[in-house]
Undergrad: 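Provided herewith is a single structure, encoded as structure tokens, for subsequent inquiry.
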Amino acid sequence: MKIYFNIKGSVLIYSATIYFASVLNISFWRFIWQNLEITNWQTAWFVFSLIFFIAIPLFLIFNLLIVKKAAKPLLIALLVLGSITNFMMVHYGIYIDRHMIQNALETNTREAFDLITPSLLFWVLLTGIAPSILLIFSKIEYQSFRQELKRRSIKIIIAVLILALLIGMSFKEYAAVGRNHKQIKGLINIVNVAAGTISYAKRLNVAHREFKILDEDAKHVPYEDEHYTVLIFVLGETARADNFSLSGYHKETNPLLKKQDIIYFQEVTSCGTTTSVSVPCMFSHMLRSNFNSTEAKYTENLMDLLQKTGYHIIWKENDDGCKGVCDRIEDVEHMIKTNNPKYCNGKYCYDGVMLEGLEDILKNIQQDTVIVLHTMGSHGPTYYQRYPDEFKKFTPTCDTADIQNCTLPQIVNTYDNTILYTDYIVSSAIDILKKFPQYEAGLAYVSDHGESLGENNVYLHGMPYKIAPTEQTEVPMILWMNENMKTFDYVDYGCMKKEAKQNIYSHDNLFHSILGLLEIQTKEYDRNLDMFRNCRTKPLPFEEGM
């Protein structure tokens, strides 16, 4: 390989430090610009010291990484990775932490390709690949091992002392920022990726590898009646409550559901801001406050309890996996594999594909059954691919994955069309259930998390929960029951409608509410988290006499 220029190892270390601290940390400096006001010399000095606060840890890292043979491949990998994460943070307003690392590692090919846009490719070409090419056509000059070790050791000691001095001089400001803006560590590029990966790896390492059975003695203790119970659970994707007209939104995004005799829960919060956290959490016995997604993989969930107590579980998967929730369910159907030309194009399917054959399933019910429809819903950034053309009601739309290049009204219109289509899917499922009045039938819908559409330059989802905007944490939840379910499950429907308007609920309520609704006796059931408890006209069979 022809070498076009020589560069000393020490110069490369300084160059890499400056480049990563500045060009590849735009999102961090934007945060500082927007959130810190310079009002005196002390705050001015603090902001100045942040340059060293970012640069010195990088300087230490590069002193360790830039060594013979390893320097080029490691630096090239970091340049490309840093360029990609920099783009995501700058354009979508995301933070890199353990949950985001988990989300990235569990992303499948379809989701990954949705995020590969012309803007991303150009950004990575300019800020990641271009400097990598320069590095490839260079020759790094090193001193002897002893000299390198001596000089680098001295520089590292000096750098650490400078950093300690600067932090000491502005300790009050550092403490205040650390206390008031804990999320800022998720913006320090490359360091955040390393810290998030290490944290995620630790979780994997300490997870209980022995599979945990929740309750060996769990059983179905039904009220006395002769009707099969059928519950359709529609698991929404990335639908936020703000854009449901049932929630008061000014656009009519729920024209069909408003005609149904449904209960709409006015205020519901999600367990997380990513599918990889929220989906296993909402089916878990753990609360959001102590939920561990890694541990959840090795623990029974709601579906396991229902299945072993006699319910037939059918899971129709149209998103990108059940995140471990359906792993032990025998009857799982991945809709993309149906290759239904009416709904599927080989890469994804419209959610309408899950309605196909649903009536036939209900005709052949021979035991109590729960049917889960895991929707693609409003998954971004390619919102325009989530609905058929006949649901393109709100225009103009943003028909590209580069949503940051669209106007806010265009993005919102496109997203609203996905909600309009969800309205059709859920309402259609209710209409199908109505054809079978002989069952105790019900439908529940709830989204896994919400979505940011560009408000305050934040897009998509996945922000740390403590600082996530309500657009990402407030989700829609709907319940419908036929007359048999109201009567023979002793639920006062009018009472429930009042409760749904007045109370605040969360994903924490789902596990216990469904156990109660489906009459499962288990030590894991907590009646205080059962949404129906105040509106039952008769105690649950296993609570009678208590």
Side-chain angles (χ1 to χ4, degrees), residues 1-28 54-92 94-109 111-142 148 152 156 159 185-202 204-205 462:
M1 180 185 297
K2 187 175 180 181
I3 303 301
Y4 289 94
F5 64 93
N6 297 334
I7 183 170
K8 293 182 178 179
S10 58
V11 174
L12 180 58
I13 291 171
Y14 287 121
S15 300
T17 299
I18 294 170
Y19 187 75
F20 275 81
S22 55
V23 176
L24 297 187
N25 262 291
I26 295 174
S27 193
F28 173 84
I54 296 297
I56 289 177
L58 290 169
F59 178 73
L60 301 179
I61 291 171
F62 292 132
N63 267 284
L64 298 174
L65 295 184
I66 297 179
V67 294
K68 289 181 179 180
K69 295 184 179 180
K72 287 188 178 182
L74 287 175
L75 269 180
I76 289 171
L78 289 177
L79 281 166
V80 174
L81 176 62
S83 180
I84 294 171
T85 53
N86 193 28
F87 177 88
M88 296 296 178
M89 291 189 291
V90 170
H91 288 84
Y92 296 135
I94 68 170
Y95 291 72
I96 308 294
D97 60 4
R98 171 173 54 84
H99 296 303
M100 188 58 68
I101 295 297
Q102 178 183 355
N103 207 39
L105 292 175
E106 294 182 3
T107 295
N108 62 19
T109 304
E111 286 182 305
F113 274 104
D114 279 350
L115 293 170
I116 298 175
T117 64
S119 296
L120 171 63
L121 293 175
F122 178 75
W123 183 283
V124 174
L125 177 65
L126 187 66
T127 64
I129 295 177
S132 296
I133 292 173
L134 288 176
L135 188 60
I136 290 171
F137 290 103
S138 67
K139 180 182 179 181
I140 306 172
E141 297 179 344
Y142 298 98
E148 287 282 352
R152 293 192 190 193
I156 287 173
K185 61 187 178 183
L187 294 177
I188 304 175
N189 201 9
I190 294 301
V191 175
N192 54 7
V193 176
T197 302
I198 292 170
S199 178
Y200 178 63
K202 284 182 178 179
L204 287 175
N205 191 46

Undergrad: Any chance the rings of F59 and Y14 have centres within less than 6.0 Å?
TA: yes

Undergrad: Do N192 and M100 touch side chain to side chain, with heavy atoms closer than 4.5 Å?
TA: no

Undergrad: Can you tell me how far apart CD (E141) and CD1 (I7) are? Round to the nearest 0.5 Å.
TA: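 Those atoms lie 9.5 Å apart.
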
Undergrad: Under the side chain to side chain contact (heavy atoms under 4.5 Å, CB included) test, which residues partner A71, sequence neighbours left out?
TA: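 A71 satisfies side chain to side chain contact (heavy atoms under 4.5 Å, CB included) with I66, I140, Y142 only.
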
Undergrad: Looking at every heavy atom in both N25 and A21, which two are closest together, and how far apart are they?
TA: CB-O, 3.4 Å

Undergrad: For G82, does its backbone N or O pair with a side-chain atom of N189 as donor and acceptor, under 3.5 Å?
TA: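 Yes, N189 side chain to G82 backbone: donor-acceptor pair under 3.5 Å.
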
Undergrad: Quick one: are I54 and I188 in side-chain contact, heavy atoms under 4.5 Å?
TA: yes

Undergrad: Does I56 have any side chain to side chain contact (heavy atoms under 4.5 Å, CB included) partners at least two apart in sequence or in another chain, and if so, which?
TA: F52, L60, A159, I162, L163

Undergrad: Could you state the interatomic distance from CG (L79) to CG (L24), rounded to the nearest 0.5 Å?
TA: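 That separation rounds to 6.5 Å.
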
Undergrad: Take I116 and L121 through the side-chain contact (heavy atoms from CB on, under 4.5 Å) test and state the conclusion after the steps.
TA: CA-CA 7 Å; I116 298 175; L121 293 175; 3.9 Å; yes

Undergrad: Tell me every residue that passes side chain to side chain donor-acceptor pair (under 3.5 Å) with S119, counting only those two or more places apart in sequence or in another chain.
TA: D402, N405

Undergrad: Report, one line per pair, each donor and acceptor closer than 3.5 Å where one atom sits in a side chain of residues 126-135; sequence neighbours left out.
TA:
from	atom 1	to	atom 2	distance (Å)
T127	OG1	S83	OG	2.6
T127	OG1	W123	O	2.8
S132	OG	G128	O	2.6

Undergrad: For residues M89 and I94, report the shortest heavy-atom separation together with the two atoms involved.
TA: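 Of all heavy-atom pairs spanning M89 and I94, the closest is CG-O, 3.4 Å.
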
Undergrad: Verify side-chain contact (heavy atoms from CB on, under 4.5 Å) between H91 and T117, making sure each step is shown before the conclusion.
TA: CA-CA 12 Å; H91 288 84; T117 64; over 6 Å; no

Undergrad: Could I get the full list of ring-ring contact (aromatic ring centres under 6.0 Å, His included) partners for Y19, not counting sequence neighbours?
TA: none

Undergrad: Is there a side-chain contact between L81 and V193, using heavy atoms and a 4.5 Å cut-off?
TA: yes

Undergrad: Check whether D97 reaches the backbone of G196 with its side chain - one donor and one acceptor, N or O, closer than 3.5 Å.
TA: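 Checking the backbone N and O of G196 against the side chain of D97, no donor-acceptor pair under 3.5 Å is found.
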
Undergrad: To the nearest 0.5 Å, tell me how far I156 CD1 sits from N63 CG.
TA: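 So the gap between those two atoms works out to 4.5 Å.
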
Undergrad: So which atom in R152 and which in V67 form the shortest heavy-atom distance, rounded to 0.1 Å?
TA: NH1-CG1, 4.1 Å

Undergrad: Atom OH in Y95, atom CG in L187: separation rounded to 0.5 Å?
TA: 5.0 Å

Undergrad: In chain order, what residues pass the side chain to side chain donor-acceptor pair (under 3.5 Å) check against N86, with sequence neighbours excluded?
TA: none

Undergrad: Are F62 and L78 packed together at the side-chain level, in the sense that at least one heavy-atom pair is separated by less than 4.5 angstrom?
TA: yes

Undergrad: Check the pair M88, S27 against side-chain contact (heavy atoms from CB on, under 4.5 Å), reporting the backbone distance first and the verdict last.
TA: CA-CA 9 Å; M88 296 296 178; S27 193; over 6 Å; no

